[in-house]
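Positions are given from 1, in the same order as the sequence printed here.
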Amino acid sequence: MRLYLDPGHGGSDPGATGNGLYEKNINLDIALRIRNILTSEYNNVQVQMSRTTDATVSLNQRTNDANTWNADYFLSVHCNSFNGSARGYEDYIHSSLSDGSQTAQYRNQVHSEVTKVNQLRNRGKKKANFHVLRESAMPAILTENGFIDNPSDAALMRSASWRQTVARGHVNGLAKAFNLTKKPGSGSIYRVVAGSFKSRDNAEQRVDMLQSKGINAFVDLVTISGQQWYRVQAGAFTNRSNAEEQLTKVKNAGVTDAYIIHESR
């Protein structure tokens, strides 16, 4: 499956803003996580992104690139904004399409899996004449992952672990829609842990620090000896040498107490 992954807005176009957040940054973070999960865990998946940094990309560039590349699916990731009181998740396909279309069937899978995990009000499946839905030559969906100007939704967006969960929901939907198969595991997985904390705020601060240095990380809630800990994970690998390489990066970023957990699967 060839996925064209489009983090909405970017560069001189911040998108929606609210509660100290910029939509362009939330979109990019979720999209990068989607790419990383897909390419590391699934067979026969290629991902091309409209941007991987805070770059300005026109709407025409996005759809032209996807069409030229001959993508199988176009996924555009966004956040919403309205009046501060609206909240929740919704997604869109083009207004000309029927509910029985292939695009609608793909959307049903993504919608189902994202709304299972995103902790947002489900505002439903919608249709619109958005450029990326109209001008893409392949089935396309645009997801609106909460309202950035709503304090409750914004509090979730601020959490790296929530953004990871939302990315996982998108991937689960894509995997079902396109019958993706998991890469064979070696029987072991090596997780790079960059700290464990009793306070979620402390864990999120560690995630923010790592991400400011270009290292993807998220908070994972774990129970150890009956106690809950917020564990910062900076990668999971089936190859130990890859985990050790990531561990070195994390330590070079200033996390001296980072370590690897080996788990059998």
Item to check | Short side-chain to backbone donor-acceptor contact, Asp13 and Thr56, under 3.5 Å | outcome: no
Checklist entry - Does Tyr22 OH have over 12 foreign heavy atoms under 6.0 Å away? => result no
Checklist entry - Going by atom types only, do His131 and Thr63 share a side-chain donor-acceptor pair under 3.5 Å? => result yes
Item to check | Backbone N/O of Ala160 and side chain of Glu204: donor-acceptor pair under 3.5 Å | outcome: yes
Next on the checklist: If I compare all heavy atoms of Gly8 with all of Arg51, which pair ends up nearest, and what's the gap?
Outcome noted: O-NH2, 3.0 Å
Next on the checklist: Are more than 12 heavy atoms, taken from residues, nucleotides or ligands other than Phe82, located less than 6.0 Å from that residue's CZ atom?
Outcome noted: no
Checklist entry - For Gln246 and Phe237, what are the C-alpha separation, side-chain angles and deciding distance, and is it a side-chain contact (heavy atoms from CB on, under 4.5 Å)? => result CA-CA 9 Å; Gln246 180 76 343; Phe237 305 86; 3.8 Å; yes
Next on the checklist: Does Lys249 have more than 12 heavy atoms from other residues, nucleotides or ligands lying within 6.0 Å of its NZ?
Outcome noted: no
Next on the checklist: Please report the interatomic distance CG(Leu156) to CZ(Arg87), rounded to the nearest 0.5 Å.
Outcome noted: 8.0 Å
Checklist entry - Do Val171 and Ile26 share a hydrophobic cluster (ILVMFWY, side-chain heavy atoms under 4.5 Å, transitive)? => result yes
Checklist entry - Which is it for Ser58 and Asn60 under the side chain to side chain donor-acceptor pair (under 3.5 Å) test, yes or no, and what are the steps along the way? => result CA-CA 5 Å; Ser58 73; Asn60 280 331; 5.4 Å; no
Checklist entry - With a 4.5 Å heavy-atom cut-off, do Arg33 and Arg163 have their side chains touching? => result yes
Next on the checklist: Run the side-chain contact (heavy atoms from CB on, under 4.5 Å) test on Lys251 and Val255 for me, step by step, so that the C-alpha distance in whole Å, both residues' side-chain angles and the decisive distance to 0.1 Å come before the verdict.
Outcome noted: CA-CA 5 Å; Lys251 288 189 172 181; Val255 182; 5.8 Å; no
Checklist entry - How far does NE2 of His78 sit from CD1 of Ile30, to the nearest 0.5 angstrom? => result 11.0 Å
Checklist entry - When you look at CG of Asp257, are more than 12 heavy atoms from neighbouring residues, nucleotides or ligands closer to it than 6.0 Å? => result yes
Next on the checklist: Let's go through Asp91 and Lys126 carefully: what are the C-alpha distance in whole Å and the side-chain angles of both, what is the deciding distance for salt bridge (Lys or Arg N to Asp or Glu O under 4.0 Å) to 0.1 Å, and is it a yes or a no?
Outcome noted: CA-CA 6 Å; Asp91 45 43; Lys126 302 187 177 183; over 6 Å; no
Next on the checklist: As an exercise, state the distance from CD1 of Ile93 to CG of Asp99, rounded to the nearest 0.5 Å.
Outcome noted: 6.5 Å
Checklist entry - Does the Ser136 side chain pair with the main chain of Val132, one donor and one acceptor, at a distance under 3.5 Å? => result yes
Next on the checklist: Does atom CD (Gln61) have a neighbourhood of more than 12 heavy atoms from anything else shown, all under 6.0 Å?
Outcome noted: yes
Next on the checklist: So does Leu97 get a backbone contact from the side chain of Ser101, meaning a donor-acceptor N/O pair under 3.5 Å?
Outcome noted: no
Checklist entry - Can you find a heavy atom in the side chain of Trp229 that is under 4.5 Å from one in the side chain of Ser199? => result no
Next on the checklist: I'd like to know if the side chain of Arg206 reaches the main chain of Ala217, judged simply by a donor and an acceptor atom lying under 3.5 Å from each other, with no hydrogens or angles considered.
Outcome noted: no
Checklist entry - Side chain of Glu144, backbone of Asn80: donor and acceptor closer than 3.5 Å? => result yes
Item to check | Donor-acceptor pair, side chain of Arg134 and main chain of Asn129, under 3.5 angstrom | outcome: yes
Checklist entry - Would you say Val47 and Met49 make side-chain contact, with heavy atoms under 4.5 Å? => result yes
Item to check | From CA spacing to verdict: side chain to side chain donor-acceptor pair (under 3.5 Å), Ser161, Ser159 | outcome: CA-CA 5 Å; Ser161 57; Ser159 163; 2.9 Å; yes
Next on the checklist: Given 3.5 Å as the limit, does a donor-acceptor pair link the side chain of Asn202 with the main chain of Phe197, or not?
Outcome noted: no
Next on the checklist: Which heavy atom of Asn19 sits nearest to which heavy atom of Ala154, and what is that distance?
Outcome noted: ND2-CB, 3.5 Å
Checklist entry - Between Asp72 and Pro139, what is the shortest heavy-atom contact and its length? => result O-CD, 3.6 Å
Item to check | Closest heavy-atom pair and its distance - Trp162, Asn145 | outcome: CH2-O, 3.7 Å
Checklist entry - Quick check: does any side chain N or O of Asn67 sit under 3.5 Å from a backbone N or O of Glu135, one acting as donor and the other as acceptor? => result yes
Next on the checklist: Side chains of Ser241 and Asn239 only: does a donor on one sit below 3.5 Å from an acceptor on the other?
Outcome noted: yes
Next on the checklist: Quick check: do Ile261 and Arg231 have side-chain heavy atoms less than 4.5 Å from each other?
Outcome noted: yes
Next on the checklist: If the condition is ring-ring contact (aromatic ring centres under 6.0 Å, His included), which residues does Phe178 pass it with, not counting sequence neighbours?
Outcome noted: Tyr73, Tyr106
Checklist entry - Hey, do the aromatic rings of Phe74 and Tyr4 have their centres closer than 6.0 Å? => result yes
Next on the checklist: Is it the case that the ring center of His111 lies less than 6.0 angstrom away from the ring center of Tyr89?
Outcome noted: yes
Item to check | Joint cluster assignment, Val166 & Ile148, ILVMFWY side-chain distance < 4.5 Å | outcome: yes
Item to check | Working for side-chain contact (heavy atoms from CB on, under 4.5 Å), residues Tyr92 and Leu133 | outcome: CA-CA 8 Å; Tyr92 291 84; Leu133 303 179; 3.8 Å; yes
Next on the checklist: Can you confirm whether Thr39 sits close enough to Gln46 that some side-chain heavy atom of one is under 4.5 Å from a side-chain heavy atom of the other?
Outcome noted: no
Next on the checklist: Name the residue from Leu142, Thr143, Asp6 that meets the side chain to side chain contact (heavy atoms under 4.5 Å, CB included) definition with Leu75.
Outcome noted: Thr143
Checklist entry - So, the side chain of Lys176 versus the backbone of Val110: is there a donor-acceptor pair under 3.5 Å, distance only? => result no
Next on the checklist: Nearest 0.5 angstrom please: Gln119 CD to Asp153 CG, how far?
Outcome noted: 10.5 Å
Item to check | Heavy-atom check, side chain of Asn108 versus side chain of Lys125, under 4.5 Å | outcome: yes
Next on the checklist: For a quick test of reading the model, state the closest non-hydrogen atom pair linking Leu5 to Arg35 and the distance between them.
Outcome noted: CD2-N, 3.9 Å
Checklist entry - Got Gln233 and Val192 here, is their nearest side-chain heavy-atom distance under 4.5 Å? => result no
Item to check | From CA spacing to verdict: side-chain contact (heavy atoms from CB on, under 4.5 Å), Ile37, Gln164 | outcome: CA-CA 9 Å; Ile37 296 170; Gln164 180 75 10; 3.8 Å; yes
Checklist entry - Taking it one step at a time, do Ser81 and Glu23 satisfy side chain to side chain donor-acceptor pair (under 3.5 Å)? => result CA-CA 9 Å; Ser81 176; Glu23 181 192 355; over 6 Å; no
Item to check | Pair Lys182-Asn43, side chain to side chain donor-acceptor pair (under 3.5 Å): steps then yes or no | outcome: CA-CA 6 Å; Lys182 286 264 194 175; Asn43 292 307; over 6 Å; no
Checklist entry - Rounded to the nearest 0.5 Å, how far does NE2 of His9 lie from CG of Leu59? => result 8.5 Å
Item to check | Min side-chain heavy-atom separation Asn44-Met1 under 4.5 Å | outcome: no
Item to check | Spatial distance of atom CG (Asp208) from atom NZ (Lys213) [nearest 0.5 Å] | outcome: 13.0 Å
Checklist entry - Which heavy atom in Ala253 sits nearest to a heavy atom in Ile215, and how many Å separate them? => result CB-CD1, 3.9 Å
